[in-house]
Novice: 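Here you go, one structure.
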Amino acid sequence: MEILPKPNSSPYTHNHVLIFPLPAQGHMTPMLHLSELLCLANIKVTFLITTDNHQLLNQHTNVNERFARYPGFRFEAIPQARPNEQPQTLPQGAKAGVLNMIRLITEGLESSAVPILRELLIGSKNVDKVTCFIIDGWLSFAYDIALEAKLAVFAFRCPSACCIWSYICIPHLIQAREVPFKDEEMDELVKNVPGMSSFLRYRDLPSFCRGQDNSSCINLEQFFSDELHRNKNTNGIILNTFEDLEGPILTKIRSQYSKIYPIGPLHAHLKYRLGKENQALSNNSSSSLWEVDQGCISWLDQKPNKSVVYVSFGSIATLTSDQLMEIWAGLVGSNYYFLWVIRPNVIFGDGLDSPTPDELLEGTKKRGYIVKWAPQDEVLAHRAVGGFLTHSGWNSTLESIVAGVPMICWPYFADQPINSRFVSEIWKIGLDMKDTCDRVIVENMINDLMDRRKDELKKSMDQISHLANRSISKGGSSYSYLDHLIEDIKALAMKREL
Ligand code: UDP
């Protein structure tokens, strides 16, 4: 296997970073991208992964070939925490209490990960000294072990900066009695998220601020105060975003955290640093937990430019049978081509409530293509794709921005409602269908996206897409922040050696 040329000649002696993502698609993908970027800088990386996710990657991707290029990279497997459960999806009904679900996942993970972390950081496996730990922001138990091992820690936060800022403000919102809010207040403006008071409505806040979403035993004020405190005590916060997109919000975040590294969009950043000749192995599909259906690319090849709506709701969101039917009818009614990802577990409950009407089956035969999992990165970059109906997951949003594809946002939970507000109101690169799911609205929004408002959306999208690509190029803000992060990781390792 070809070993990529090293940007500088120093061997991997002192630098060894342990990376630990939440075991979910939207967390593993950017953290694998970060791992590869660190490998390119001659930093040794150990990536913690659950055995079941490791098996899925081995089964469905070229991940071994991808990382065989870096002798300093290895996976360290954590035994499966909850047998017989698909780890990459939150349990059904996750929307009602996403924090509770994250708590269940982290608690399940904690029991199997803690002994391994201790071995790696403190015990006998510590022969190959870990010099720094990059932890997914949700894995609070891992911070405690890093603290015990007196190890430098960086927090990797997967959501957008606008979402992270709203998390920081949650204790304040609760103290000011703005959260929880009532259903009839949904369209009123939020007063206590500085920097967003002219456009952020209660319905745009992270989903767990809603009464019905907060059916967990988690004390929100305590949870987010602890998180703020924990993050303040790290060596820095790594964010998958860029200055030109979220600059004013990043300034707010800096008022709380002394050091932040906005180094995104990571998938594009990695491609840039790999260079054209080396990037083929490192697309997003190389970290897919599902089998990618490449057949959709040949289908797209047959379609005119910008004629297809790509539809995907990511790796976790579920739809009720009724919602699926409304979206389906809207897609067929719009008369545009559509490529739709319907994951095997996407329908909430026992599947479709009634037989699919003939006109939907006919319309799909004529203009649709349905897959279980798509090579999303490649799909969005395809010349035939003109719009993206998305759940506004942060990775999907960034991927759409880099590819320059305007969006219709149908946010599901967590950070997605705030992402979709920024997409529609601030960046003006898409339309927000939040809290509605009706075939007429879907059809109208598709017509707006692909026709009536196409030019205005494309104009702002092209500008932001250009800024995204500039930020990860040499001299750009994300490029420079990654250089700083690498320098800081190396300096910390030197300090640990002394
Ligand atoms: N994705 C993909 N194929 C699909 C659907 C999604 O490769 O058919 C990838 C997508 O490119 C993104 C990730 O899955 O990188 C989803 O992450 P996101 O943050 O958008 O949403 P989440 O799954 O965390 O809700």
Side-chain angles (χ1 to χ4, degrees), residues 21-34 53 56-57 60-63 86-90 94-95 98 101-102 105 136-138 156-160 163-164 206-207 239-241 264-271 282-297 299-300 309-319 338-346 369-382 385 388-403 405 407 409-420 423 430:
L22 193 78
Q25 183 74 73
H27 292 240
M28 281 174 45
T29 299
M31 290 181 86
L32 274 170
H33 290 331
L34 175 63
N53 279 348
L56 291 169
L57 285 188
H60 300 314
T61 73
N62 62 358
V63 75
Q86 286 289 317
Q88 69 273 23
T89 56
L90 293 175
K95 189 166 182 170
V98 58
M101 295 306 146
I102 288 173
I105 288 182
D136 192 307
W138 292 120
F156 185 96
R157 304 309 318 269
C158 288
S160 53
C163 173
I164 297 293
S207 60
L239 293 164
N240 190 9
T241 188
L266 273 165
H267 69 293
H269 200 156
L270 174 61
K271 277 193 189 153
S282 299
N283 54 25
N284 280 11
S285 302
S286 62
S287 46
S288 276
L289 296 169
W290 283 268
E291 186 176 2
V292 170
D293 185 336
Q294 284 290 344
C296 58
I297 299 295
W299 182 82
L300 286 174
V309 182
Y310 171 59
V311 188
S312 165
F313 303 122
S315 63
I316 296 171
T318 55
L319 288 83
F338 60 94
L339 165 59
W340 189 359
V341 179
I342 304 190
R343 288 190 334 266
N345 54 358
V346 82
Y369 194 93
I370 294 177
V371 293
K372 291 184 179 146
W373 194 253
Q376 182 162 305
D377 210 11
E378 216 179 319
V379 165
L380 287 169
H382 198 287
V385 172
F388 183 12
L389 171 50
T390 170
H391 69 310
S392 296
W394 189 235
N395 292 293
S396 295
T397 306
L398 287 175
E399 288 158 18
S400 213
I401 287 176
V402 169
V405 177
M407 291 164 263
C409 305
W410 189 54
Y412 178 69
F413 71 0
D415 59 327
Q416 297 152 17
I418 195 163
N419 296 343
S420 69
V423 164

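Atoms within each ligand, like the ligands themselves, are counted from 1 in listed order.
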Novice: Are Gln25 and Thr29 linked by a side-chain donor-acceptor pair shorter than 3.5 Å?
Specialist: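 Indeed, the side chains of Gln25 and Thr29 share at least one donor-acceptor pair under 3.5 Å.
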Novice: Can a side-chain donor-acceptor contact be found between Tyr412 and Ser207 if the only test is distance below 3.5 angstrom?
Specialist: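 Looking only at side-chain atoms, Tyr412 and Ser207 do not form any donor-acceptor pair under 3.5 Å.
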Novice: Please list the nearest protein heavy atom to atom 19 (O) of ligand 1 with its residue and the distance rounded to 0.1 Å.
Specialist: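 Closest protein heavy atom to atom 19 (O) of ligand 1: Asn395 ND2, 2.9 Å.
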Novice: Pairs of nitrogen or oxygen atoms closer than 3.5 Å, one from Asp377 and one from ligand 1: do any exist?
Specialist: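 Not met; the criterion fails.
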Novice: Quick test of your reading of the structure: of Ser392, Pro159, Ser396, whose heavy atom lies closest to atom 20 (O) of ligand 1?
Specialist: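 Among Ser392, Pro159, Ser396, the closest heavy atom to atom 20 (O) of ligand 1 belongs to Ser396.
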Novice: Within the 4.0 Å heavy-atom shell around Tyr310, which atoms of ligand 1 are there?
Specialist: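 Contacts of ligand 1 toward Tyr310, numbered from 1: 4 (C), 8 (O).
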Novice: Looking only at non-hydrogen atoms, which of Trp373, Trp290, Phe313 approaches atom 2 (C) of ligand 1 most closely?
Specialist: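 Comparing heavy atoms across Trp373, Trp290, Phe313, the nearest one to atom 2 (C) of ligand 1 lies in Trp373.
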Novice: Minimum heavy-atom separation for Gly26 to Asn395, with atom names?
Specialist: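 So the two residues come closest at O-ND2, 2.8 Å.
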Novice: Determine, considering heavy atoms only, which of Ala24, Ala374, Ser288, Gly393 sits nearest to atom 8 (O) of ligand 1.
Specialist: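 Looking at heavy atoms only, the winner is Ala374.
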Novice: Minimum distance, heavy atoms only, to atom 22 (P) of ligand 1: which one of Gln25, Glu399, His391 is it?
Specialist: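 It is His391 whose heavy atom sits nearest to atom 22 (P) of ligand 1.
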Novice: Can you measure from CE (Met28) to CG (Leu289) and round to the nearest 0.5 angstrom?
Specialist: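 Reported value, rounded in 0.5 Å steps: 4.5 Å.
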Novice: List ligand 1 atoms under 4.0 Å from Trp394, heavy atoms only on the residue side.
Specialist: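 So the answer, numbered in order with elements, is 19 (O).
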Novice: Do Arg157 and Asp415 meet the salt-bridge criterion of a basic N to acidic O distance under 4.0 Å?
Specialist: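 Judged by the 4.0 Å cut-off on N to carboxylate O distance, Asp415 and Arg157 do not form a salt bridge.
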Novice: For a quick test of reading the model, state the closest non-hydrogen atom pair linking Asn240 to Leu398 and the distance between them.
Specialist: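 Looking at all heavy atoms of both residues, the closest pair is O-CD1, 3.2 Å.
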Novice: How are the rings of His33 and His267 set relative to one another: parallel (under 30°), tilted (30 to 60°) or perpendicular (over 60°)?
Specialist: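 Plane angle between 30° and 60°, so tilted.
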Novice: Of the choices Ser315, Ser312, Gly314, which has the non-hydrogen atom that lies closest to atom 23 (O) of ligand 1?
Specialist: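 Among Ser315, Ser312, Gly314, the closest heavy atom to atom 23 (O) of ligand 1 comes from Ser315.
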Novice: Can you list the atoms of ligand 1 that are under 4.0 Å from a heavy atom of Val341?
Specialist: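 Here the atoms of ligand 1 in question are 8 (O).
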Novice: Just checking, is any N or O donor in the side chain of Ser288 or Thr61 under 3.5 Å from an acceptor N or O on the other one?
Specialist: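 Absent: no donor and acceptor within the cut-off.
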Novice: In the protein, which heavy atom is nearest to atom 24 (O) of ligand 1, and how far is it?
Specialist: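 Here the closest protein heavy atom is Gly26 CA, 3.6 Å.
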